Amino acid sequence: MKIVLSKDRMTIEREQDVVPFRNRVKEYAVKIGMSLVNQTKLITAASELVRNMLKYANGGVVLIEVLSQGRDSGIRLVFTDKGPGIKDIPEAMKDGFSTGKSLGIGLPGTRRLVNEFDIKSTVGEGTTVSIIKWKNG
Amino acid sequence: MDRIPILRMGNLLLVTIQIDLYDRLATNLETDLVQMVNKTEAKGVLIDISALSIVDSFMGRILGNIGSMSKIMDAETVVVGMQPAVAITLIELGLELKGVYTALNVERGMELLKEKIGNYDEDLSDEDEDSTE
């Protein structure tokens, strides 16, 4: 069972918000004693998702949660935007797929960096992406 | 506006990225470097990223662009000093740094650039001879 130990929220509206957001995520990861490699993976994944949010939806809100499950602890990040939504999620999760000018590694690449990855999207309403990186995962 | 300094060393340009770049700074660096290659007729660009704690696909693309742009301006690019955690993450993310050479540190990067450029600036190659004696 996952227990939420703390909650924090950050609004992302401009590209200048990316670096402070990454720093905030790093602070939480350091606080729970996550290894440097896992920290780097989590922050890179967060950076990719926050960029997607800016590019396709002009920003959104990120919920940062510290979780505990048994003896392990971890960080959950939930990215919520009110953008155009994703029509075909399985297609968007394929390597090399991109509707924007990016390299098309955003979503599938991000999924590889974290332990749990969940995406929900409704066309015309928005997209929610949730990721979890366990400290020892 | 903020700028990343570009140092000139003979026919090489040296860039040390000391802070985590926000996007504007990174795209400025891209244009500044290409202009500097043109102005100084540099044959090589060395970029030290040892202080970068993450390289995401945006930063990867900037580095790739710098490499490709320099290449068509007849200059080689070497990226040095990547942290092990960053390298592990890049590979898992699926990002290849296309268009740039990489080396472990500044010293190795310099050697690689000299090799790639071939006939090297005279006073610098003199220095090189001295150091091998």
Side-chain angles (χ1 to χ4, degrees), chain A residues 12-27 29-30 34-56 59 77 79 93-98 100-115 117 131 133 137, chain B residues 1-4 15-32 48-69 71 77 79-100 102 104:
Chain A
I12 308 290
E13 289 168 326
R14 299 163 302 159
E15 62 172 48
Q16 290 96 305
D17 298 335
V18 173
V19 174
F21 165 68
R22 287 200 305 229
N23 293 340
R24 184 86 66 92
V25 174
K26 190 182 174 83
E27 276 169 34
V30 169
M34 195 181 274
S35 73
L36 184 61
V37 171
N38 280 353
Q39 270 180 44
T40 308
K41 288 181 182 178
L42 172 67
I43 299 163
T44 307
S47 187
E48 296 292 338
L49 292 173
V50 94
R51 272 184 206 294
N52 275 354
M53 221 165 66
L54 279 169
K55 190 163 59 183
Y56 298 109
L77 302 174
F79 301 77
M93 293 306 299
K94 274 188 200 160
D95 263 312
F97 177 83
S98 172
K101 53 179 180 173
S102 72
L103 297 165
I105 57 169
L107 286 179
T110 305
R111 181 164 61 179
R112 284 192 290 269
L113 293 178
V114 295
N115 302 115
F117 184 102
I131 58 173
K133 187 80 191 168
Chain B
M1 200 188 292
D2 291 336
R3 282 280 193 276
I4 303 274
V15 179
T16 309
I17 300 173
Q18 301 279 9
I19 51 164
D20 278 319
L21 299 177
Y22 53 90
D23 298 9
R24 174 66 57 198
L25 208 52
T27 43
N28 281 348
L29 177 63
E30 192 182 287
T31 40
D32 287 355
D48 174 33
I49 60 164
S50 55
L52 281 191
S53 56
I54 75 151
V55 173
D56 59 10
S57 61
F58 176 81
M59 193 58 211
R61 191 168 74 224
I62 294 283
L63 291 173
N65 285 354
I66 288 173
S68 314
M69 289 174 186
K71 187 81 189 171
T77 304
V79 171
V80 305
M82 186 181 293
Q83 292 177 17
V86 173
I88 293 168
T89 304
L90 270 184
I91 293 308
E92 228 159 282
L93 186 61
L95 193 71
E96 302 166 52
L97 283 186
K98 277 184 194 147
V100 298
T102 52
L104 193 62

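Reminder, nothing fancy here: chain letters follow the sequence lines and each chain counts from 1. Bear in mind that the values here come from a model prediction, so they are computed numbers and not experimental data.
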Closest contact, heavy atoms only, B:Arg24 versus A:Glu15: N-OE2, 3.2 Å
Name of the residue among A:Val37, A:Thr40, A:Leu36 meeting side-chain contact (heavy atoms from CB on, under 4.5 Å) with B:Val86: A:Thr40
Part of B:Leu90 lying under 4.5 Å from any heavy atom of chain A: neither
Rounded distance (nearest 0.5 Å) linking atom CG of A:Leu113 with atom CD1 of B:Ile88: 11.5 Å
A:Val18 portion near chain B, given a 4.5 angstrom heavy-atom threshold: neither
Shortest non-hydrogen contact between A:Thr44 and B:Val55, atoms and distance: CG2-O, 3.8 Å
Any B:Leu93 side-chain heavy atom under 4.5 Å of A:Glu48 side chain: yes
4.5 Å side-chain heavy-atom contact, B:Ile54 and A:Ser47: yes
Enclosure of B:Glu96 CD (heavy-atom neighbours >12, cutoff 6.0 Å): no
Working for side chain to side chain contact (heavy atoms under 4.5 Å, CB included), residues B:Asp56 and A:Arg22: CA-CA 11 Å; B:Asp56 59 10; A:Arg22 287 200 305 229; 3.6 Å; yes
